[in-house]
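Residue numbers begin at 1 in each chain, while the letters A, B, ... track the order of the sequences. The model shown is predicted, which means the values in this text are computed figures rather than measured ones.
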Amino acid sequence: MQLAKAYSHIDLESKWYRYWVDEKLFAPGAGAGQTYSIVIPPPNVTGSLHMGHALNNTLQDILCRYKRMDGFRVLWVPGTDHAGIATQNVVERQLAERGTSRAQLGRAKFIERVWEWKKEAGDAILHQLRALGVSCDWSHERFTMDEGLSLAVREAFVKLWEDGLLYRAQRLINWCPRCKTALADIEVVHEEVDGSLWHIRYPLADDSGDSLIVATTRPETMLGDTAAAVHPEDERYQHLLGKKIRLPITGRIVPLIADVYVDKEFGTGALKITPGHDFNDFEIGERYNLPRISIFDADACVDGAVFLARGEAGAWIERYNGKERFAARQLVVAELADNGLLEKTEPHKLSVGRCYRCQTVIEPYLTPQWFVNIKSLAEPALQAVRDGRIKIVPEGWCNSYYAWMENIKDWCISRQIWWGHQIPAWYCKSCESANLMQNADGDYLFSKDAKPIVSRTQPSGCPTCGGTELIQDPDVLDTWFSSGLWPFSTLGWPERTEDLKLFYPTSALVTGFDILFFWVARMIMMGLKFMGDVPFRDVYIHALVRDEHGQKMSKSKGNVIDPLELMNKYGTDAFRFTLAAMAAMGRDIKLAEDRIGGYQSFVNKLWNAARFVQMNLSESERPTRWSVQASGSNRKPDQVPDLGLADRWIYSRLAATLTEARDAIDGYRYNDYANGLYRFVWHEFCDWYIEMSKLALNGAIGDDREGARRRLAELLDQILLLLHPVMPFVTEEIWQVMGNGRPSIMIQQYPQPRPEWIDGAAEKQMEFLMGVVRAIRNLRTELNCPPGKEVKAIFCGQQADLDFLHGQEPFLRSLARVGRAEYRAAGDGPKGAATAVVGATEVYLPLDDLINLDEERVRLAKEVAKMADEIARVQKKLSNSDFVAKAKEEVIQKERDKAIQFEEKIRTLRSSLEKIQDLQAGRK
RNA sequence: GGUCGCAUAGCUCAGUUGGUUAGAGCGCGCGCCUCACAUGCGCGAGGUCGUAGGUUCAAGUCCUACUGCGACCACCA
């Protein structure tokens, strides 16, 4: 088979992916090898994958392919997350578009509908992952609401309950009035907004005419005020202490309390207290045993019934009943103003909490919820990172982790939605009849006093009364509760499976920092609790992918780029290579599209290098026979001394590249990995080695054409193996097409550097040769010498260097178009020549043209000036007695060498310059 | 308010533990269809490394302050 003239990613990518799946190359396989495992951060089944997923999965795939080739039994578990609220919202929106709703469908039908969506979205996600080329083991694919994972969730819940780490309580929680559910603290996104600070006059209840002016950002909550407060030492208010206040509008009589919490400097120094709708006020209320009034219903509309139930009355209830909270605010402010009770309104910046799923402003709301008593779980999780059992990379994130873990609050895990793991707790209908209500959705609600029966399966009867009518708690669990179990639930827990034994703890977790607390921290706590061991050894935290201007990609900004589009346009390998090359640690990725184009060229370059190699091989010389990998350990290492300079050099560079590549990938330095390979392939192998190999292939140098071909093929193999983890498709295509039926590159051994390849002398010599070639090319270009025209070169310098160059004449001819070379003693340069200095060797191209003389004179003068600057710098250093006294000996020696070299160079340049000037003067 | 990160070529970014004339890709300029590749080849221009101090023989690299940008955390009405 021949490699096509050009690489066509569109056709080849799907072909090879299918091949890998069919050949079952993603499975960990049997055998005794060391295991390596990763669980995928399961994408939400809310829609399609974005750039962050592409990065995340590319990085994981690089690790997995590398480790697999390096002899590990690799298991990469793929899957998706049900993403409770987010997914429910997506489906609710779809229903709304069709003019129906969740409530109309009812719970069972609605859930059915979400499952249909899950199928659709899940398939799309899997399609995208495959397009990316990820090598996960699809036979291990999991979904957080799979039967097995549901079992794990119930097991975990019951265990926590049995260990006293779960409780149900009525607390002020973050309530999203749109999603109509409780949220955990971290699911609230705080945002600074421009608001107002209203100063409101609260008259005293004694009708003395005295009053207190409080300042608030939420005047509507005054309907639920149950106190006002001032600082006990605030002189302004001493005369009011112990008095009572009659609230405007409601007429409720509430105490004025004195508490040090109040900041005398803020606002008026007086504070209204609403324990039912403010977290701080709730705490103060607890200290003073204040009543908590929930003035809103689940939609955050004023609930008149609440006041009636308290025995409060008045026309105001009519006016406010059913008013949405912001409408209520306007009404309160207007009424206060009408009654002369609004003293002042001033602009004020405040932070509002919003639902992380729908951006609705959160309402602190008093409801019974389930909480995890988190402290005893957090402590070991903190310890695991502190003592290094879990390594976070980059380690800067440890601080965030510690800070969060140390201040962690109990975790509210119940959600009042339908899509998710329903809480495995039941209530006896007859025992709890006093605690039972039904909400608008038809769900039963149980008050804070109801006694749950927690059980892995539905209990057959009530343990207290024997009644058989048991109602399951309608709430579902926070989606992160189930994803917190992911590293072991996907491996079969609570069963004690072979997978768990082999692959837990997993080796690495690759994820974005945005879910460090949501997910990573929870997995660590859960893993330690239920498995008794950390869930993973390394956590690699990668950056956010932004657009080329550094903006976060978001639908609303319209700057979202679909990864599939880029893959189609540039090819997946180029896309993956770009992501890897830009994944520098601790820095966001600003994805500029032309960068991907640049790496597409790299794919093309590799392709053409392969075509060149193939072109030179006969059918019988295909890599099947010669490949280092194919012939395995039987193959004897190359006898280095027999190789020519270019060969010794490229193998030495290969050894260095291999070492760097392994170090880079082992340290999660993907950018170093990608860039190192780029440099080696393009600027060493293609730019120099291939060019030089042409002479050996033609027989222009040496007499081992077969050896030259063989080494070319072998080097190409090494390059393909090195690149495969980043560019799986094109490497497989070349590997297979050229290899006449050898097995997939995926199951080849990842290259090891061989010590005998390292050859410092060859590298030095090549650098010298390359320097000379570059110098000549430079002179030619500067002097407008046509590329095709051969020139005569005169080299002056030390005998050893001259001998060396003499031996390299064929290369000087092919690489620099040197037709004739002459060798002289140092300083014996010709009159009127373009001049360069490489190391200790002077390089002259004799000039025969006045125009050239002029140009060369100008050029030399510039060079001389530049050199003079350098010399001045070095001399300044060397004449500094402190430098000579204190710097390391090797550093001083380096500077001295430099000084000598520069002096020689400038002498040569000056002498050439003078000669040209003489020549020109003579002609005039 | 607290914590952390980032400022290097026109653009996007590298620059491990302070020590050769600070690098790459893209873009730009000039010259080349040289038999793997014009998605290419060769050569080049372009940076007082955010500002001001400090430590050091030596600072893009370490310290301090400042400016600008960003992120995370936080109950100040």
Can you tell me the distance, in whole Å, between the [atom1] atom of [X] and the [atom2] atom of [N]?
X: A:K862; N: B:rA45; atom1: NZ; atom2: P; result: 7 Å
X: A:I871; N: B:rU21; atom1: CD1; atom2: P; result: 13 Å
X: A:M582; N: B:rG15; atom1: CE; atom2: P; result: 13 Å
X: A:Q875; N: B:rU20; atom1: CD; atom2: C1'; result: 15 Å
X: A:H683; N: B:rG23; atom1: NE2; atom2: P; result: 14 Å
X: A:K409; N: B:rA74; atom1: NZ; atom2: P; result: 7 Å
X: A:L779; N: B:rG44; atom1: CG; atom2: C1'; result: 13 Å
X: A:W397; N: B:rA71; atom1: CH2; atom2: P; result: 12 Å

Could you tell me how far [M] sits from [N] if I compare only their [atom1] atoms? Round to whole Å.
N: B:rA38; M: B:rC33; atom1: C1'; result: 7 Å
N: B:rU64; M: B:rA9; atom1: P; result: 25 Å
N: B:rG15; M: B:rC6; atom1: C1'; result: 15 Å
N: B:rA52; M: B:rU48; atom1: C1'; result: 15 Å
N: B:rC41; M: B:rA22; atom1: P; result: 26 Å
N: B:rG47; M: B:rC11; atom1: P; result: 13 Å
N: B:rG18; M: B:rA58; atom1: C1'; result: 8 Å
N: B:rU20; M: B:rC26; atom1: P; result: 28 Å

Within the 4.0 Å heavy-atom criterion, would you say [X] contacts the bases, only the backbone, or no part of the nucleic acid?
X: A:A887; value: base
X: A:R669; value: nothing
X: A:S400; value: nothing
X: A:N407; value: nothing
X: A:W682; value: sugar-phosphate
X: A:A403; value: nothing
X: A:K605; value: base
X: A:R595; value: base
X: A:V603; value: nothing
X: A:L516; value: nothing
X: A:K694; value: base
X: A:K888; value: base

Counting side-chain heavy atoms from CB outward, which of [options] is closest to [X]?
X: A:N778; options: B:rG44, B:rA77, B:rA36; result: B:rG44
X: A:R777; options: B:rA71, B:rG42, B:rC37; result: B:rG42
X: A:F612; options: B:rC75, B:rA77, B:rA36; result: B:rA36
X: A:F902; options: B:rG42, B:rU21, B:rC76; result: B:rU21
X: A:F266; options: B:rA77, B:rU21, B:rG19; result: B:rA77
X: A:Q600; options: B:rU39, B:rC57, B:rA36; result: B:rU39
X: A:E870; options: B:rU21, B:rC76, B:rG42; result: B:rU21
X: A:T216; options: B:rC43, B:rC57, B:rA77; result: B:rA77
X: A:D672; options: B:rA14, B:rC43, B:rC57; result: B:rA14
X: A:N280; options: B:rC75, B:rC72, B:rA77; result: B:rC75

> Quick one: CE on A:M222 to CZ on A:R329, what's the gap to the nearest 0.5 Å?
Replying inline: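 That separation rounds to 13.5 Å.
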> Does some side-chain heavy atom of A:F680 sit less than 4.5 Å from a side-chain heavy atom of A:I719?
Replying inline: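 A side-chain contact exists here, since the closest heavy-atom pair is under 4.5 Å.
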Is there a donor-acceptor contact under 3.5 Å from the side chain of [X] to the main chain of [Y]?
X: A:R873; Y: A:A868; value: no
X: A:D672; Y: A:A664; value: no
X: A:R236; Y: A:K264; value: yes
X: A:N880; Y: A:D882; value: yes

>> Between A:K764 and A:E767 (salt bridge meaning N to carboxylate O under 4.0 Å), is one present in this structure?
In response: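 Salt bridge between A:K764 and A:E767, a charged N being under 4.0 Å from a carboxylate O: no.
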>> Assess whether a salt bridge exists between A:E660 and A:R669, defined as any Lys/Arg side-chain N lying under 4.0 Å from an Asp/Glu carboxylate O.
In response: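 Salt bridge between A:E660 and A:R669, a charged N being under 4.0 Å from a carboxylate O: no.
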> Closest nucleotide of RNA chain B for A:K886 versus for A:Y678: which of these residues is on the 5' side?
Replying inline: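 Residue closer to the 5' terminus by nearest nucleotide: A:Y678.
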> Between A:D263 and A:M615, which is nearer to the 5' end of RNA chain B once each is assigned its nearest nucleotide?
Replying inline: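 Checking each residue's closest nucleotide, the 5'-ward one belongs to A:M615.
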> Where does RNA chain B form stems of at least three consecutive Watson-Crick or G-U wobble pairs, each pair having both distances below 3.5 Å?
Replying inline: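 Stem list for RNA chain B: B:1-7 with B:67-73, B:10-13 with B:23-26, B:28-32 with B:40-44, B:50-54 with B:62-66.
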> Would the number of heavy atoms belonging to other residues, nucleotides or ligands and lying under 6.0 Å from CD of A:E192 be above 12?
Replying inline: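 Result for CD/A:E192: enclosed.
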> Should the pair A:Y689 and A:F685 be assigned to parallel (<30°), tilted (30 to 60°) or perpendicular (>60°) ring geometry?
Replying inline: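 Answer is parallel, since the angle falls under 30°.
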> Name the one of A:Y670, A:Y599, A:F729, A:Y570 that satisfies ring pair (Phe, Tyr, Trp, His ring centres under 6.0 Å) with A:F577?
Replying inline: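 In the set A:Y670, A:Y599, A:F729, A:Y570, the residue that makes a ring pair (Phe, Tyr, Trp, His ring centres under 6.0 Å) with A:F577 is A:Y599.
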> If you take atom types as modelled and just measure distance, does the side chain of A:E691 reach the base of B:rA36 with a donor-acceptor pair under 3.5 Å?
Replying inline: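 Result: at least one qualifying N/O pair found.
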